[in-house]
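One structure is given here, and the rest of the page talks about it.
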Amino acid sequence: MAERKDNGIKLVANNKKAYHDYFVEEKFEAGIELVGTEVKSLRMGQVNLKDAWCRVNDGEMFVYGMHVSPYEKGNIFNRDPLRARKLLLHKKEILKLFGLVGREGYSLIPLQVYFKHSKAKVEIGLCKGKKLYDKRDSAAAKDMDRQSMRNIKLSGRLDD
């Protein structure tokens with residue numbers, strides 16, 4: 001469900017697929033505009049960022065494809081789970097991101113959703129898409145790191 005860090009941040013959801021499919025070049029923190037039942041659902045950890053992405057429309061930033069499950073005890077107040085949600089950023093930040101996304105191959109992808117001192121926040125990454133061979137290289141490097149750590153642990157046991 002939700003994991004609490006020591007600095008007032010309670011992690012709700014993490015987008016692992018984004019780190020697999022993209023190189024994250026820069027990260028930004030944004031507030032998110034939610035309605036009451038969505039906040040309750042978020043506190044229960046019922047959010048999915050798997051296919052979410054961000055776009056600038058008319059000088060405002062929105063997140064699309066972020067699935068916030070309807071709150072089970074909310075009736076008529078529940079909203080569409082996949083509706084576009086406004087992200088709260090300063091105008092300078094929005095213009096900067098709009099300029100950066102204009103470059104070829106860059107996207108804005110939500111990386112994680114968390115509560116920071118009771119405020120819902122979204123971490124947005126300026127990402128460049130990975131090619132298939134990049135994904136293979138990342139997987140091979142991860143496997144080599146895992147194997148080397150395993151060897152280090154094993155050699156420590158043999159010394160005893």
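The first residue in the sequence is number 1, and the count goes up from there. Predicted model, so just to flag it, every value in this text is computed and none were measured.
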| task | Please determine, by modelled atom types, if Tyr64 and Asn57 share a side-chain donor-acceptor pair under 3.5 angstrom. | result | yes
| N/O donor-acceptor pair under 3.5 Å between Asn48 side chain and His67 backbone | no
| field | Any residue meeting side-chain hydrogen bond (donor to acceptor under 3.5 Å, both in side chains) with Lys86, in chain and number order, not counting sequence neighbours | value | Glu60
| Would a 4.5 Å heavy-atom cut-off, applied to side chains only, mark Met61 and Leu108 as touching? | yes
| message | With a sphere of 6.0 Å drawn around NZ of Lys16, does it hold more than 12 non-hydrogen atoms of other residues, nucleotides or ligands? | response | no
| query | Nearest 0.5 Å, what's the CG-NZ distance between Asp21 and Lys50? | reply | 10.0 Å
| field | Nearest heavy-atom neighbours spanning Leu111 and Ala18 | value | CD2-CB, 3.8 Å
| said: Applying a strict under-4.5 Å side-chain criterion to I, L, V, M, F, W and Y, I'd like to know whether Leu100 and Val24 cluster together. | reply: no
| query | How many angstroms lie between CG in Asp143 and OG in Ser138, if you round to the nearest 0.5 Å? | reply | 11.0 Å
| message | Test salt bridge (charged side-chain N to carboxylate O under 4.0 Å, His left out) on Lys142 and Asp145; report intermediate values, then the result. | response | CA-CA 5 Å; Lys142 194 182 287 186; Asp145 288 343; over 6 Å; no
| note | Taken to the nearest 0.5 Å, the spacing of Trp53 CH2 from Tyr22 OH works out to 10.5 Å
| said: So which atom in Asp51 and which in Lys17 form the shortest heavy-atom distance, rounded to 0.1 Å? | reply: OD1-NZ, 3.5 Å
| Minimum heavy-atom separation for Tyr114 to Leu11, with atom names? | CB-CA, 3.8 Å
| query | Between Leu87 and Cys54, what is the shortest heavy-atom contact and its length? | reply | CD1-SG, 3.8 Å
| If you draw a 6.0 Å radius around NZ in Lys40, do more than 12 non-hydrogen atoms from other residues or ligands fall strictly inside? | no
| field | Note: Glu26-Lys96 ion pair, threshold 4.0 Å (strictly below) | value | yes
| field | Which atom of Val68 lies closest to which atom of Glu38, heavy atoms considered | value | CG1-O, 4.0 Å
| said: Using the rule that Ile, Leu, Val, Met, Phe, Trp and Tyr join whenever any side-chain heavy atoms are under 4.5 Å apart, tell me whether Leu97 and Phe62 fall into a single cluster. | reply: no
| field | Pi-cation contact, Phe23 with Lys130 (under 6.0 Å, within 45°) | value | yes
| note | Smallest heavy-atom separation, Val12 atom then Gly45 atom, equals CG1-CA, 3.8 Å
